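Just below is one structure, and these are the notes that go with it.
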Amino acid sequence: MLAPSDWGRGFVAQNPARSTPNTWAVLDGSCRWQREKLPHGVLAGVSQYSRLPGAGAKGTVKVTATATAHTSVLGADEQLSTTLEEVLRCPEQQPRTDERITGLMSLGTPFGAREQQYADDSVLEAGEYVEKGGGTVPYRWMVARLGTVVVAVSVTGAKGRPQPELDQLGATALAQMLTRIQQQLKGN
(Lines give C-alpha, C1' and ligand atoms only; values in the text may rest on other atoms or scores of the structure.)
Protein backbone atom coordinates (compact mmCIF):
# COMPACT_ATOMS: atom_id res chain seq x y z
CA MET A 1 0.00 0.00 0.00
CA LEU A 2 0.99 3.58 -0.47
CA ALA A 3 1.39 5.76 2.60
CA PRO A 4 0.49 9.43 2.07
CA SER A 5 4.19 10.33 1.75
CA ASP A 6 4.58 7.76 -1.08
CA TRP A 7 2.34 9.94 -3.25
CA GLY A 8 4.70 12.88 -2.87
CA ARG A 9 5.58 15.85 -0.76
CA GLY A 10 2.69 17.43 1.14
CA PHE A 11 0.26 14.49 0.97
CA VAL A 12 -1.59 13.61 4.18
CA ALA A 13 -4.07 10.91 5.20
CA GLN A 14 -7.77 11.56 4.61
CA ASN A 15 -10.31 10.79 7.30
CA PRO A 16 -10.93 7.88 7.28
CA ALA A 17 -7.45 6.90 6.13
CA ARG A 18 -8.25 3.22 5.37
CA SER A 19 -11.17 1.11 4.31
CA THR A 20 -12.99 -1.15 6.75
CA PRO A 21 -10.96 -4.37 7.21
CA ASN A 22 -12.13 -7.52 5.37
CA THR A 23 -14.30 -5.55 2.92
CA TRP A 24 -14.10 -4.38 -0.67
CA ALA A 25 -15.98 -1.85 -2.76
CA VAL A 26 -18.94 -3.08 -4.81
CA LEU A 27 -21.05 -1.05 -7.26
CA ASP A 28 -24.70 -1.79 -6.45
CA GLY A 29 -27.73 -1.80 -8.77
CA SER A 30 -28.29 1.92 -8.15
CA CYS A 31 -24.71 2.77 -9.24
CA ARG A 32 -23.66 3.54 -5.67
CA TRP A 33 -20.43 2.20 -4.19
CA GLN A 34 -20.83 0.13 -1.03
CA ARG A 35 -18.32 -1.71 1.15
CA GLU A 36 -19.18 -5.41 1.39
CA LYS A 37 -17.62 -8.44 3.04
CA LEU A 38 -14.85 -10.02 0.96
CA PRO A 39 -16.33 -12.73 -1.28
CA HIS A 40 -15.08 -16.29 -1.57
CA GLY A 41 -11.90 -16.25 -3.64
CA VAL A 42 -10.63 -12.92 -2.35
CA LEU A 43 -7.93 -13.27 0.29
CA ALA A 44 -7.53 -9.60 1.21
CA GLY A 45 -8.50 -6.15 0.09
CA VAL A 46 -7.62 -2.70 1.39
CA SER A 47 -7.96 0.90 0.24
CA GLN A 48 -5.96 3.80 1.62
CA TYR A 49 -7.10 7.40 1.16
CA SER A 50 -4.79 10.42 0.99
CA ARG A 51 -4.98 14.03 -0.15
CA LEU A 52 -2.78 16.93 -1.15
CA PRO A 53 -4.25 19.99 0.59
CA GLY A 54 -4.93 22.99 -1.59
CA ALA A 55 -2.87 26.15 -1.36
CA GLY A 56 -3.37 29.50 -3.03
CA ALA A 57 -5.17 29.04 -6.36
CA LYS A 58 -4.77 25.26 -6.26
CA GLY A 59 -7.49 23.02 -4.82
CA THR A 60 -7.17 19.78 -2.85
CA VAL A 61 -6.29 16.63 -4.81
CA LYS A 62 -7.76 13.38 -3.43
CA VAL A 63 -6.15 10.02 -4.13
CA THR A 64 -6.87 6.38 -3.31
CA ALA A 65 -4.60 3.33 -3.45
CA THR A 66 -6.28 -0.09 -3.47
CA ALA A 67 -4.88 -3.62 -3.45
CA THR A 68 -6.85 -6.88 -3.73
CA ALA A 69 -5.35 -10.38 -3.50
CA HIS A 70 -7.30 -13.21 -5.12
CA THR A 71 -6.88 -16.97 -4.77
CA SER A 72 -6.65 -17.38 -8.56
CA VAL A 73 -5.64 -15.52 -11.71
CA LEU A 74 -9.16 -16.15 -13.02
CA GLY A 75 -10.67 -14.32 -10.03
CA ALA A 76 -8.29 -11.38 -10.44
CA ASP A 77 -9.02 -11.26 -14.17
CA GLU A 78 -12.75 -11.28 -13.44
CA GLN A 79 -12.29 -8.20 -11.22
CA LEU A 80 -10.74 -6.32 -14.16
CA SER A 81 -13.49 -7.47 -16.53
CA THR A 82 -16.13 -6.28 -14.06
CA THR A 83 -14.35 -2.93 -13.68
CA LEU A 84 -14.34 -2.47 -17.45
CA GLU A 85 -18.02 -3.38 -17.82
CA GLU A 86 -19.34 -1.35 -14.86
CA VAL A 87 -18.81 1.90 -16.74
CA LEU A 88 -21.19 0.68 -19.45
CA ARG A 89 -23.85 -0.05 -16.85
CA CYS A 90 -23.15 3.01 -14.71
CA PRO A 91 -21.52 5.93 -16.60
CA GLU A 92 -22.55 8.02 -13.56
CA GLN A 93 -21.56 6.65 -10.14
CA GLN A 94 -21.89 7.70 -6.52
CA PRO A 95 -18.76 6.85 -4.48
CA ARG A 96 -20.12 8.43 -1.29
CA THR A 97 -23.43 9.99 -0.26
CA ASP A 98 -22.45 13.54 -1.25
CA GLU A 99 -20.25 12.69 -4.26
CA ARG A 100 -20.86 11.94 -7.97
CA ILE A 101 -18.66 10.91 -10.86
CA THR A 102 -20.10 11.51 -14.33
CA GLY A 103 -19.20 10.89 -17.96
CA LEU A 104 -17.21 7.76 -17.18
CA MET A 105 -15.49 5.92 -20.01
CA SER A 106 -13.16 2.93 -19.73
CA LEU A 107 -10.42 1.32 -21.77
CA GLY A 108 -8.95 -2.13 -21.18
CA THR A 109 -5.41 -2.92 -22.31
CA PRO A 110 -3.96 -6.43 -21.94
CA PHE A 111 -0.21 -6.98 -21.80
CA GLY A 112 1.40 -6.28 -25.19
CA ALA A 113 -1.49 -4.26 -26.63
CA ARG A 114 -0.97 -0.54 -27.28
CA GLU A 115 2.58 -0.81 -25.89
CA GLN A 116 1.33 -1.84 -22.41
CA GLN A 117 4.32 -3.71 -20.92
CA TYR A 118 3.84 -3.19 -17.17
CA ALA A 119 1.00 -5.56 -16.14
CA ASP A 120 -0.86 -8.70 -17.20
CA ASP A 121 -3.91 -6.53 -17.81
CA SER A 122 -5.01 -2.96 -17.12
CA VAL A 123 -8.08 -0.73 -17.18
CA LEU A 124 -8.28 3.05 -17.25
CA GLU A 125 -11.48 4.87 -16.32
CA ALA A 126 -11.83 8.59 -16.97
CA GLY A 127 -14.63 10.95 -16.06
CA GLU A 128 -15.47 14.02 -14.03
CA TYR A 129 -15.96 14.35 -10.31
CA VAL A 130 -18.83 16.70 -9.48
CA GLU A 131 -17.97 18.99 -6.57
CA LYS A 132 -20.52 20.05 -3.96
CA GLY A 133 -20.99 23.45 -5.63
CA GLY A 134 -21.68 21.80 -8.99
CA GLY A 135 -18.29 22.38 -10.60
CA THR A 136 -16.39 19.48 -12.11
CA VAL A 137 -12.79 18.33 -11.89
CA PRO A 138 -11.02 15.45 -13.69
CA TYR A 139 -11.23 11.93 -12.28
CA ARG A 140 -9.08 8.91 -13.17
CA TRP A 141 -9.19 5.31 -11.93
CA MET A 142 -6.17 3.25 -13.04
CA VAL A 143 -6.30 -0.52 -12.43
CA ALA A 144 -3.66 -3.17 -13.13
CA ARG A 145 -3.33 -6.91 -12.55
CA LEU A 146 -0.17 -8.90 -11.91
CA GLY A 147 -0.97 -12.57 -11.45
CA THR A 148 -3.52 -12.87 -8.64
CA VAL A 149 -3.10 -9.30 -7.36
CA VAL A 150 -5.08 -6.29 -8.54
CA VAL A 151 -3.93 -2.79 -7.65
CA ALA A 152 -5.62 0.48 -8.43
CA VAL A 153 -5.23 4.19 -7.87
CA SER A 154 -7.74 6.96 -8.25
CA VAL A 155 -6.92 10.62 -8.66
CA THR A 156 -9.57 13.28 -8.21
CA GLY A 157 -8.28 16.56 -9.57
CA ALA A 158 -8.81 20.07 -8.32
CA LYS A 159 -8.94 23.63 -9.54
CA GLY A 160 -5.54 24.84 -10.65
CA ARG A 161 -4.11 21.32 -11.13
CA PRO A 162 -3.34 20.57 -14.82
CA GLN A 163 -4.45 17.21 -16.22
CA PRO A 164 -0.93 16.06 -17.21
CA GLU A 165 0.22 16.59 -13.60
CA LEU A 166 -2.69 14.50 -12.31
CA ASP A 167 -2.15 11.73 -14.86
CA GLN A 168 1.55 11.56 -13.97
CA LEU A 169 0.68 11.39 -10.26
CA GLY A 170 -1.58 8.37 -10.87
CA ALA A 171 0.84 6.63 -13.24
CA THR A 172 3.75 7.03 -10.82
CA ALA A 173 1.70 5.70 -7.88
CA LEU A 174 0.48 2.69 -9.89
CA ALA A 175 4.05 1.94 -10.99
CA GLN A 176 5.22 2.02 -7.36
CA MET A 177 2.54 -0.46 -6.34
CA LEU A 178 3.32 -2.79 -9.26
CA THR A 179 7.03 -2.71 -8.44
CA ARG A 180 6.29 -3.65 -4.83
CA ILE A 181 4.11 -6.56 -5.98
CA GLN A 182 6.81 -7.82 -8.35
CA GLN A 183 9.33 -7.71 -5.51
CA GLN A 184 6.97 -9.60 -3.19
CA LEU A 185 6.18 -12.23 -5.80
CA LYS A 186 9.90 -12.79 -6.38
CA GLY A 187 10.44 -13.14 -2.62
CA ASN A 188 12.61 -10.03 -2.23
Side-chain angles (χ1 to χ4, degrees), residues 1-28 31-36 38 44-69 79 83 86-87 90-106 118-119 122-144 149-181:
M1 288 307 301
L2 297 181
S5 61
D6 292 329
W7 286 91
R9 188 180 183 146
F11 277 85
V12 297
Q14 288 190 54
N15 185 17
R18 277 190 168 225
S19 58
T20 305
N22 301 312
T23 65
W24 74 338
V26 175
L27 190 62
D28 70 14
C31 299
R32 287 181 288 188
W33 286 97
Q34 309 288 329
R35 300 286 317 174
E36 293 185 1
L38 293 175
V46 65
S47 295
Q48 187 150 317
Y49 314 106
S50 303
R51 63 185 175 86
L52 177 60
K58 294 184 175 187
T60 299
V61 174
K62 294 179 182 177
V63 294
T64 302
T66 301
T68 308
Q79 182 182 348
T83 299
E86 284 174 335
V87 170
C90 294
E92 183 171 315
Q93 300 175 7
Q94 188 175 4
R96 292 179 184 85
T97 303
D98 58 347
E99 297 179 356
R100 276 187 317 129
I101 300 169
T102 62
L104 281 169
M105 296 179 289
S106 63
Y118 57 87
S122 68
V123 173
L124 169 66
E125 286 185 8
E128 294 186 323
Y129 172 84
V130 180
E131 298 180 303
K132 288 181 184 176
T136 60
V137 293
Y139 172 83
R140 299 289 185 269
W141 178 245
M142 303 170 191
V143 187
V149 180
V150 176
V151 292
V153 297
S154 72
V155 178
T156 301
K159 191 167 126 180
R161 307 279 186 178
Q163 188 62 55
E165 173 189 322
L166 300 169
D167 290 342
Q168 184 61 48
L169 178 65
T172 300
L174 190 64
Q176 284 182 62
M177 293 178 75
L178 288 168
T179 298
R180 290 176 183 181
I181 290 168

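This structure is a prediction, so every number in the text was calculated from the model and none was measured.
In this structure the side chain of Leu2 never reaches within 4.5 angstrom of the side chain of Gln48, judged on heavy atoms. Taking 4.5 Å as the limit, some side-chain heavy atom of Glu99 sits within range of a side-chain heavy atom of Lys62. In this structure the side chain of Thr83 never reaches within 4.5 angstrom of the side chain of Ser106, judged on heavy atoms. In this structure the side chain of Arg140 never reaches within 4.5 angstrom of the side chain of Leu166, judged on heavy atoms.
Checked against Leu169 for a side chain to side chain contact (heavy atoms under 4.5 Å, CB included), the options Val153, Leu52, Val155 give a single hit: Val155.
Of all non-hydrogen atoms in Pro53 and Val12, the two that sit nearest each other are CG-CG2, 4.0 Å. Nearest heavy atom pair, residue Thr66 against residue Met177, reads O-CE, 3.4 Å. Trp7 and Ala173 get closest at one heavy-atom pair: CZ3-CB, 3.3 Å. For the pair Ala144 and Tyr118, the tightest heavy-atom approach, listed with the atom from each and the gap, is CB-CE1, 4.3 Å. Between Val26 and Glu36 the shortest heavy-atom distance is CG2-OE1, 3.7 Å. Closest approach of Ile101 to Pro95, counting heavy atoms only: CD1-CG, 3.8 Å.
Judged purely by atom type and a 3.5 angstrom limit, Gln14 uses its side chain to pair as donor or acceptor with the backbone of Ser50. One N or O on the side chain of Gln94 and one on the backbone of Thr97 form a donor-acceptor pair closer than 3.5 Å. Here the side chain of Arg180 pairs a donor or acceptor atom with the backbone of Met1 at under 3.5 angstrom.
Note that CG of Asp6 is 5.5 Å distant from CD of Gln176, once rounded to the nearest 0.5 Å. Taking CG of Leu104 as the reference point, atom CD of Glu92 lies at 9.0 Å (rounded to 0.5 Å). A distance of 8.0 Å separates OG1 of Thr68 from CG of Leu38, quoted to the nearest 0.5 Å. A distance of 6.5 Å separates OG1 in Thr64 from CH2 in Trp141, rounded to the nearest 0.5 Å. Between atom OG of residue Ser47 and atom CZ of residue Arg18 there is a gap of 9.5 Å, rounded to the nearest 0.5 Å. Interatomic distance, Gln93 CD to Glu86 CD, rounded to the nearest 0.5 Å: 6.5 Å.
Note that Arg161 lies outside the cation-pi zone of Tyr129, set by a 6.0 Å cut-off to the ring centre and a 45° limit from the axis.
More than 12 heavy atoms of other residues, nucleotides or ligands lie within 6.0 Å of CG in Asp28, so this atom counts as buried by the packing criterion.
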